[in-house]
Amino acid sequence: MTEEWIERRALRLLQGEIPLYLFTLAAEEVDQVADVARISRDQAGKLIGYQRPEKRKHVNQIQEYLDSDDVLFPNGLILALPREVRFKSSRGPAVSDGLATAGTLEIPIVNGEGGPRPAWIVDGQQRSLALARTRNRRLPVPVAGFVSDDLEVQREQFLRVNTVQPLPVGLVTELLPEIARVPSARLSTRKLPSALVDMLNTDPDSPFYGLVRRSSTATENRPSAIVTDTGLVEALRESVESPSGILFPYRNIAAGTTDTEGIRRTLLVYWSAVRDTFPSAWGKNPTESRLMGGVGIRAMGRLMERVMAHVDVESSDAAAQARREVGRIASQCHWTNGTWTDLGLPWNELQNTPRHISALSNFLARAYLAERSAAR
């Protein structure tokens, strides 16, 4: 394999300290220059990439249009370019208008099958796949490229540009812990809960160890991953963000610090007690156990606020205390069979909807308080 260079006329802009280039590639050159960083995890569990899976139907629709005779394709691509790119300003007095500088951009490519591509696609992966397959090989494609090898910068830009067509919630929440500057205040509230879900899924001491399904999880390789991460993220977010939440005191908002070990200890004590109280319902697919579905996770997450208020997580018998408290509602739960009498619903008719989550949460809270009162 030998290294070659693609040379294109370009405009160079500076937005902050990162150079941005506006240029054009032929459709057939997109596949030579840029690759897609699919979201997944390596053998050590570290998150790699950020792009969602290919949508074949969408790609085929774009390709059909690109193969037609009358094509107007202004939808550009956004690429993360390597630091090896070279830019040479044009000569003359009118090279710059104060905003952009005209010149020539040189991008290195490897000539040969299987060689690494120098750039990564930040936005436009479905379009890039269609462009690579179209018969209109020399179609000019508008490109905006910023120079950065920093995966965090690429992930941040990926989240920022994908706002018109929302990204899958699970993909967004899994990426959030990996970037320092979250694109919006709304997303920032999910950053810590998402990191906590990572902890619960990868900590061997966690009852959720290996059970959480994330966007990077290949379900065919991880059939045990049966808990959808979005429900667990929301359950933790409610506790972390609400001033009345059991996890809220572990955050020092003024100092911007978080006692993650304290949160870890609280979560492991509580959810281990849930697992031990309902062993026949734990670890099953949500179709077999509503405890593991979104409705069960969210409702039991809300019950955590009441239960853990009566548990001293620092004590040597914290696990026993938590099991005793969760056990107060055990006889009234129907996760795998029977009917929730007070709700008027068979166990398998509970759905992950706001109405059912609220109804189940309220029932469990009432039942728990009633059992505690009766035990006095």
Problem set entry | Pairwise distance CD1(Ile297) to CZ(Arg302) - rounded to 0.5 angstrom | 13.0 Å

For this session: Would you mind reporting whether Asp205 and Arg264 have side-chain heavy atoms less than 4.5 Å apart?
Result: yes

Exercise. Just how far is it from atom CG of Asp31 to atom CD1 of Ile109, taken to the nearest 0.5 Å?
Worked result: 11.0 Å

Problem set entry | Expected output: side-chain Arg137 to main-chain Ala132 donor-acceptor under 3.5 Å | yes

Exercise. Given side chains that start at C-beta, do those of Ile263 and Leu236 come closer than 4.5 Å, heavy atoms only?
Worked result: no

For this session: State, to 0.1 Å, how close Val233 and Pro193 come at their nearest heavy-atom pair, and which atoms those are.
Result: O-CB, 3.6 Å

For this session: Show the numbers, then the answer: is there a side chain to side chain contact (heavy atoms under 4.5 Å, CB included) between Glu238 and Arg298?
Result: CA-CA 9 Å; Glu238 288 182 353; Arg298 292 289 300 280; 2.8 Å; yes

For this session: Identify the two heavy atoms, one from Pro286 and one from Gly293, that lie closest to each other, and give their separation to 0.1 Å.
Result: CB-CA, 3.8 Å

For this session: Taking all non-hydrogen atoms of both residues into account, name the closest pair between Ser68 and Val71 and its distance.
Result: O-CG2, 3.4 Å

For this session: May I ask you to decide whether Glu325 forms a salt bridge with Arg328, counting only side-chain N to carboxylate O separations under 4.0 Å?
Result: yes

Exercise. Sub-3.5 Å donor-acceptor pair from the side chain of Glu84 to the main-chain atoms of Pro108, do we have one?
Worked result: no

Problem set entry | Min side-chain heavy-atom separation Met308-Val269 under 4.5 Å | yes

Seminar exercise, completed: Rounded to the nearest 0.5 angstrom, the CZ-CZ distance for Arg372 and Arg306 is 11.5 Å

Problem set entry | Minimal non-hydrogen separation, Pro82 against Val147, with atom names | O-CG1, 3.8 Å

For this session: For the residue pair Leu345 and Thr339, establish whether any side-chain heavy-atom pair is separated by less than 4.5 Å.
Result: no

Problem set entry | Under-4.0 Å salt bridge between Glu241 and Arg251 | yes

Exercise. For Gly210, does its backbone N or O pair with a side-chain atom of Asn201 as donor and acceptor, under 3.5 Å?
Worked result: yes

Exercise. So, Ser272 side chain and Leu268 main chain: donor-acceptor pair closer than 3.5 Å or not?
Worked result: yes

Problem set entry | Rounded distance [0.5 Å steps], CD in Gln15 versus CG in Leu20 | 5.0 Å

Atom pairs and distances, donor-acceptor, side-chain atoms in residues 7-14, under 3.5 Å, two or more places apart:
{"residue": "Arg8", "atom": "NE", "partner": "Thr24", "partner atom": "O", "Å": "3.1"}
{"residue": "Arg8", "atom": "NH2", "partner": "Glu29", "partner atom": "OE1", "Å": "2.5"}
{"residue": "Arg8", "atom": "NH2", "partner": "Glu29", "partner atom": "OE2", "Å": "2.5"}
{"residue": "Arg9", "atom": "NH1", "partner": "Ser90", "partner atom": "OG", "Å": "3.3"}
{"residue": "Arg9", "atom": "NH2", "partner": "Ser90", "partner atom": "OG", "Å": "3.3"}
{"residue": "Arg12", "atom": "NE", "partner": "Tyr21", "partner atom": "OH", "Å": "3.4"}

Exercise. Can you list the steps and then say if Val313 with Tyr270 is a side chain to side chain contact (heavy atoms under 4.5 Å, CB included)?
Worked result: CA-CA 9 Å; Val313 294; Tyr270 175 72; over 6 Å; no

For this session: State, yes or no, whether a side-chain contact exists between Lys284 and Ile226 at a heavy-atom distance under 4.5 Å.
Result: no

Problem set entry | Polar side-chain atom of Ser206 near backbone of Leu200 as donor-acceptor pair, under 3.5 Å | yes

Exercise. Only one of Thr258, Thr266, Asp259 forms a side chain to side chain donor-acceptor pair (under 3.5 Å) with Tyr250, so which one is it?
Worked result: Thr266

Problem set entry | Heavy-atom side-chain contact between Asn348 and Arg290 under 4.5 Å | yes

For this session: State, yes or no, whether a side-chain contact exists between Ser194 and Asp229 at a heavy-atom distance under 4.5 Å.
Result: no

Exercise. Roughly how far, to the nearest 0.5 Å, is CG of Leu131 from CD of Glu28?
Worked result: 11.0 Å

For this session: Please test Val274 against Leu291 for side chain to side chain contact (heavy atoms under 4.5 Å, CB included), starting from the C-alpha separation and ending with a verdict.
Result: CA-CA 10 Å; Val274 174; Leu291 174 60; 4.2 Å; yes

Problem set entry | Atom pair CG (Asn60) and CD (Gln126), whose distance is rounded to the nearest 0.5 Å | 10.5 Å

Problem set entry | Results of ring-ring contact (aromatic ring centres under 6.0 Å, His included) for Trp271 - residues two or more places apart only | Phe208

For this session: Kindly determine whether Val141 and Arg127 satisfy side chain to side chain contact (heavy atoms under 4.5 Å, CB included), including the steps that lead there.
Result: CA-CA 10 Å; Val141 181; Arg127 278 166 275 154; over 6 Å; no

Problem set entry | Nearest heavy atoms of Trp282 and Leu211, plus distance in Å | NE1-CD1, 3.6 Å

Exercise. Can you tell me if CZ on Arg265 sees more than 12 non-hydrogen neighbours from other groups inside 6.0 Å?
Worked result: yes

Exercise. Can you name the nearest heavy-atom pair linking Thr277 to Gly327, along with the distance?
Worked result: CG2-CA, 4.1 Å

Exercise. Taking atom CD of Glu261 as the centre, does the number of heavy atoms from other residues, nucleotides or ligands within less than 6.0 Å exceed 12?
Worked result: yes

Exercise. Will you find, in the side chains of Thr134 and Asn136, an N or O donor that is under 3.5 Å from an N or O acceptor?
Worked result: no

Exercise. According to the ring-ring contact (aromatic ring centres under 6.0 Å, His included) rule, which pairs have a member within residues 347-376, sequence neighbours left out?
Worked result: Trp340-Phe363

Problem set entry | Side chains of Ser242 and Ser244, donor plus acceptor under 3.5 Å | yes

Exercise. Do Phe23 and Ile107 come close enough that some side-chain heavy atom pair is under 4.5 Å?
Worked result: yes

